[in-house]
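Remarks on the structure that follows.
Here the structure is a predicted model, which is why all the values come from computation and not from measurement. Hydrogens, waters and symmetry mates are skipped; everything else that's a heavy atom, side chains included, is used.
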Amino acid sequence: MQRIEIHNLGATKHFESEIRDFNIYIGEQATGKSTISKCVFFFRLIKESIVDFLFKDITELESIKNKRFPSGMNHHVKTYL
């Protein structure tokens, strides 16, 4: 079972929940529902994004040789997600 816990991110001061196949977030405007949804989306796809970057990068080995791995990974995640 997957869980998410968010503290002090945007309008969300504290949030904990189990992540299921289908979640519904209900609340007033500007209370953090979109922030929570974006976090769930991001963290579900980050693993796939990292693996994709590493396999792509292993063939080139450029960013690892030039010590650009963190910035290259950062760019890849922003582009991929």
Side-chain angles (χ1 to χ4, degrees):
M1 176 182 320
Q2 297 176 334
R3 291 189 53 75
I4 189 166
E5 189 171 330
I6 301 171
H7 297 278
N8 299 319
L9 181 63
T12 307
K13 298 301 174 205
H14 178 78
F15 177 80
E16 288 183 52
S17 178
E18 293 178 7
I19 304 301
R20 300 172 187 251
D21 290 337
F22 190 81
N23 289 31
I24 297 177
Y25 302 114
I26 300 172
E28 294 183 19
Q29 201 171 1
T31 56
K33 298 178 304 291
S34 294
T35 301
I36 292 166
S37 297
K38 289 174 187 175
C39 286
V40 170
F41 174 78
F42 176 79
F43 286 113
R44 280 196 155 180
L45 294 180
I46 190 71
K47 179 181 173 184
E48 182 180 328
S49 180
I50 291 170
V51 169
D52 180 55
F53 175 77
L54 290 174
F55 278 119
K56 182 186 104 182
D57 204 51
I58 284 173
T59 59
E60 299 169 5
L61 293 177
E62 261 323 292
S63 65
I64 293 175
K65 284 182 191 174
N66 297 326
K67 297 183 180 178
R68 293 182 310 188
F69 177 77
S71 62
M73 181 64 208
N74 187 26
H75 175 73
H76 179 75
V77 168
K78 287 180 181 179
T79 303
Y80 185 75
L81 298 178

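Formation of a donor-acceptor pair under 3.5 Å by the N23 side chain with backbone atoms of E18 is found in this model.
For the pair K33 and E28, the tightest heavy-atom approach, listed with the atom from each and the gap, is NZ-O, 2.7 Å. Contact between T31 and A11 at its shortest, heavy atoms only, is C-CB, 3.9 Å.
Between Y25 and T35, every side-chain heavy-atom pair lies at or beyond the 4.5 Å cut-off. For the pair E16 and I6, the minimum side-chain heavy-atom distance is 4.5 Å or more. Between R20 and Q2 the shortest side-chain heavy-atom distance does not fall below 4.5 Å.
A salt bridge is absent between E5 and R3; no separation between the charged side-chain nitrogens and carboxylate oxygens falls under 4.0 Å.
Clustering ILVMFWY residues whenever any of their side-chain heavy atoms sit less than 4.5 angstrom apart, transitively, puts I19 in a cluster other than the one holding I24.
Taken to the nearest 0.5 Å, the CG atom of L9 stands 5.0 Å off from the SG atom of C39.
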